[in-house]
Amino acid sequence: MAQTGSETPAEVSVGALEAQRLSKLEAIKSRGIDPYPVRFAGKQNIADIRRESFGENNDLTPAEDAAHVATAGRVVAIRDMGKAQFLQIQDQSGRVQVYAGNKTLGEDDYFVLRNLDLGDIIGIKGRPFRTKTGEASIHADELKILSKNLAPLPVVKEKDGETYDGISDIELRYRQRYIDLAVNAEARATFTLRSAILREIRDFLHRKGFMEVETPMMQAIASGAAARPFTTHHNALDIDLYMRIAPELYLKRLIVGGYEKVFEMNRNFRNEGISTKHNPEFTMIEIYQAYADYNTMMEITQDIFEHLSVTLLGSTEMPYGQHTISLKKPWKKIGYLESIKEATGLDFEKFLGEENPSVTEAKKMAASAGLKAEGLHTFWEVVDLAFSEKVEPNLIQPTIVMHYPKAISPLAKSIPGNEHLVERFEPYITGREMGNAFSELNDPLEQERRFNEQASQKASGAEETMETDDDFVTALKVGMPPTGGLGIGIDRLVMLFANKSSIKDVILFPLLRPNK
RNA sequence: GAGAAGCUAGCUCAGUCGGUAGAGCAACUCCCUUUUAAGGAGUGGGUCCCGGGUUCGAUUCCCGGGCUUCUCACCA
């Protein structure tokens, strides 16, 4: 590392606690012990030791001459009894108590014990045994410092499942997730679950013969969705690029190329507001299957949710906030306009035949239902307002909302014999949109017309429309088989399974404004 | 972008009707070799988010700023 010009006055800003630990660090060093050794050999998982030495149900007592074990982890509790101490150490698999004193430790190891702090990472070897009070423990005859803790961690004490102190500062949990993870078992469980969800989804699709692919995240045209993109710049080519808002148009190019079952699960980027449901970068899965349609995608959607709940939670019923969600299929299905009519009495269906349905008329209707639509520019924005205000929040149990107006679905195929509605659906759970799917439009000339319509909607004031991608139209001219496509927001899915109300609780490092 | 709330010891929080502040845990010293929210005795620890203003005096009141959270707006 290069030195930065001025000498950083590290000592000046070091707090008292850190200074104390630095002096312990010095003491360890000056005794010739490396506080950051290169390795610790033979570490066993704490959970494995517990299972092997103390039994599946913690009902075995190791023999006096039981084989010694070795493990390592962070010191999360110290109970000092004088010349011996009880420690609790934690690794990824769990916690175990360690009993260590001068009778069994060598002089150097005992010195380390005397200079131990909460948060230090140690490696131990010793004999598994049970204490008088029955606690599964390891009687250490070796204790090595593996990493000295200089920035003290919050202390979490627990009894009978109740937690004392700990850390609850939300900002600190997001900014310094490593502390959150080190200290809060709940946080570790959430992200372990997230990882398991990703694995199970991939596994599920691979078993069904899907192929995972990667398409560009930097794109010259940000299309496939209606959203504001981030811009970036490539120096050598001297061109501006967009971070993708969706992989959709590239995945369909692969169907054109002849792959029949593909999916991509990765990040999208949208330059929009941040909320409990929105993070600027978020994870989405998009799935495409040739010779299939939106009905196929409905099955896949329900199967994925059911598979995840059965595999990971052992049940199709799950708690979410005040609710109990049942993911068992078949889910309820309802038409988009029908759902609005049901909830508000407003019938927008009769406008479907009109070339240019009147915004003014729509606003009048919206106002009669108590909706504030003043700022909106197009007819369909008003309709969507009615849906998101009056219908969406009440879709707690899994619901498939289907048959959207063509005007707001530029990539979806029309229902045969219906000029105005498309074969599209969105699954809703807990009042949140979880995905979006349709029978993919594969008529290149029709696609071109739809792109043009989007452009003219933009000209007439719509905030968000889809960009035209001419090469994608060319791809469709080469010929794409009838295809079903599906997108699912992974972060929101994880929120459901982890019972979290903020998207930041399921993203390891959510975007925050930099401090200072 | 707007409104509301919050920001005090390493952590969780109290408090000061304006007189530079406290608890528990953590830390430090000492006692204790089967404890477990270990226990006992003692000690230290603060830019009260930042900057101005009013005032003899501001952590407290006023103004401005920062960051976070919630709601709204934006947004599939």
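These numbers were taken from a predicted model, which means no experiment stands behind them. When reading the values below, keep in mind they use all heavy atoms of this one structure, side chains included, and skip hydrogens, waters and symmetry mates.
- The side chain of D80(A) lies closest to rC32(B), out of rU69(B), rC32(B), rA26(B).
- Across rU33(B), rU69(B), rA37(B), the shortest atom-to-atom separation from the side chain of Y174(A) is found for rU69(B).
- Here the side chain of K103(A) is nearest to one of rU33(B), rU34(B), rG66(B), namely rU33(B).
- Between E135(A) and F438(A), the residue whose closest nucleotide on RNA chain B is further toward the 5' end is E135(A).
- Of the nucleotides present, rU68(B) is the one that pairs with rA5(B) by Watson-Crick or G-U wobble criteria, both distances under 3.5 Å.
- If you check distances only, the side chain of T133(A) does reach the base of rU36(B) with a donor-acceptor pair under 3.5 Å.
- Atom NZ of K83(A) and atom P of rU35(B) are 18 Å apart (whole Å).
- Along RNA chain B, the nucleotide nearest R114(A) and the nucleotide nearest S502(A) are compared for position; the residue whose nucleotide lies closer to the 5' end is R114(A).
- Atom P of nucleotide rU68(B) and atom CG of D505(A) are separated by 15 Å, given to the nearest angstrom.
- For rU69(B) and rG57(B), the P atoms lie 38 Å apart once the distance is rounded to whole Å.
- Whole-Å rounding puts the R228(A) CZ to rA73(B) P distance at 16 Å.
- Of the candidate nucleotides rU68(B), rU71(B), rU33(B), rU68(B) has the atom nearest to the side chain of R175(A).
- Comparing the same atom, P, in rC49(B) and in rC11(B) gives a spacing of 13 Å after rounding to whole Å.
- rA23(B) and rG6(B) are spaced 24 Å apart, taking the P atom of each and rounding to whole Å.
- When the C1' atom of rG10(B) is taken as reference, atom CG of D180(A) falls 16 Å away, rounded to whole Å.
- A perpendicular orientation is assigned to the rings of F269(A) and F230(A), their planes being inclined by more than 60° (bins at 30° and 60°).
- Other residues, nucleotides and ligands contribute more than 12 heavy atoms inside 6.0 Å of the CZ atom of R175(A).
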- Task: May I have the step-by-step check of side-chain contact (heavy atoms from CB on, under 4.5 Å) for E248(A) and E440(A), ending in yes or no?
- Result: CA-CA 10 Å; E248(A) 170 143 3; E440(A) 304 292 339; 3.3 Å; yes
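- In this structure, of rU68(B), rU34(B), rA37(B), it is rU34(B) that holds the atom nearest to the side chain of K132(A).
- Comparing rU20(B) with rG24(B), their C1' atoms are spaced 24 Å from each other, to the whole Å.
- The separation between L118(A) atom CG and rG10(B) atom P is 16 Å, rounded to whole Å.
- Both tests pass for R31(A) against the ring of F111(A): distance under 6.0 Å to the centre and angle within 45° of the axis.
- Rounded to a whole Å, the CD atom of E18(A) is 14 Å from the P atom of rC28(B).
- Pair assignment for rC61(B): rG53(B), on the basis of Watson-Crick or G-U wobble contacts that are both within less than 3.5 Å.
- A donor N or O paired with an acceptor N or O is not found under 3.5 Å between the base of rU69(B) and the side-chain atoms of E171(A).
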- Task: Decide salt bridge (charged side-chain N to carboxylate O under 4.0 Å, His left out) for E264(A) and R244(A); before the verdict, give the C-alpha distance in whole Å, the side-chain angles of both, and the deciding distance to 0.1 Å.
- Result: CA-CA 13 Å; E264(A) 178 164 14; R244(A) 76 173 178 198; 3.0 Å; yes
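- With both ends at atom P, the span from rC7(B) to rC13(B) equals 10 Å, rounded to whole Å.
- Here the side chain of T131(A) is nearest to one of rU69(B), rU36(B), rC25(B), namely rU36(B).
- Here E426(A) lies in heavy-atom contact (under 4.0 Å) with a base.
- The closest side-chain heavy-atom distance from F263(A) to I285(A) is below 4.5 Å.
- For the pair R270(A) and rC75(B), the criterion of a side-chain N or O lying under 4.0 Å from OP1 or OP2 is not met.
- Side-chain N/O atoms of K157(A) include one lying less than 4.0 angstrom from OP1 or OP2 on rA38(B).
- When rounded to the nearest whole Å, the span between CG of L172(A) and P of rC11(B) equals 7 Å.
- The side chain of R79(A) lies closest to rA38(B) when the candidates are rU12(B), rU69(B), rA38(B).
- Using a 4.5 Å cut-off on side-chain heavy atoms (C-beta onward), P398(A) and I325(A) make contact.
- E26(A) places no side-chain N or O within 3.5 Å of a backbone atom of S23(A) that could act as its donor or acceptor partner.
- For K159(A), the listed nucleotide lying nearest its side chain is rA37(B); candidates were rA37(B), rC11(B), rC75(B).
- Comparing rG52(B) with rC72(B), their C1' atoms sit 32 Å apart, to the nearest whole Å.
- On the C1' atoms, rU16(B) is 24 Å away from rG10(B), given to the nearest whole Å.
- For the C1' atom pair drawn from rC74(B) and rG3(B), the interatomic distance equals 15 Å after rounding to whole Å.
- Taking atom CD1 of residue I78(A) and atom C1' of nucleotide rU33(B), one finds them 16 Å apart after rounding to whole Å.
- Closest approach to the I167(A) side chain among rA26(B), rC11(B), rU34(B) is made by rC11(B) (side chain taken as heavy atoms from C-beta onward).
- L153(A) comes within 4.0 angstrom of no nucleic acid atom, judged by non-hydrogen atoms across all strands.
- Among the protein residues, A151(A) comes within range of no part of the nucleic acid, since none of its heavy atoms lies under 4.0 Å from any strand.
- The base-pairing partner of rG22(B), taking Watson-Crick or G-U wobble contacts with both distances under 3.5 Å, is rC13(B).
- Using a 4.0 Å heavy-atom cutoff across all strands shown, Q85(A) reaches no nucleic acid atom at all.
- For P154(A), counting side-chain heavy atoms from C-beta on, the closest listed nucleotide (rC75(B), rC11(B), rU36(B)) is rC11(B).
- Residue T276(A) is classed as a sugar-phosphate contact, given heavy-atom separations below 4.0 Å to backbone atoms only.
- If you check rU36(B) for Watson-Crick or wobble pairing at under 3.5 angstrom, you find it has no partner at all.
- One N or O on the side chain of R450(A) and one on the backbone of A412(A) form a donor-acceptor pair closer than 3.5 Å.
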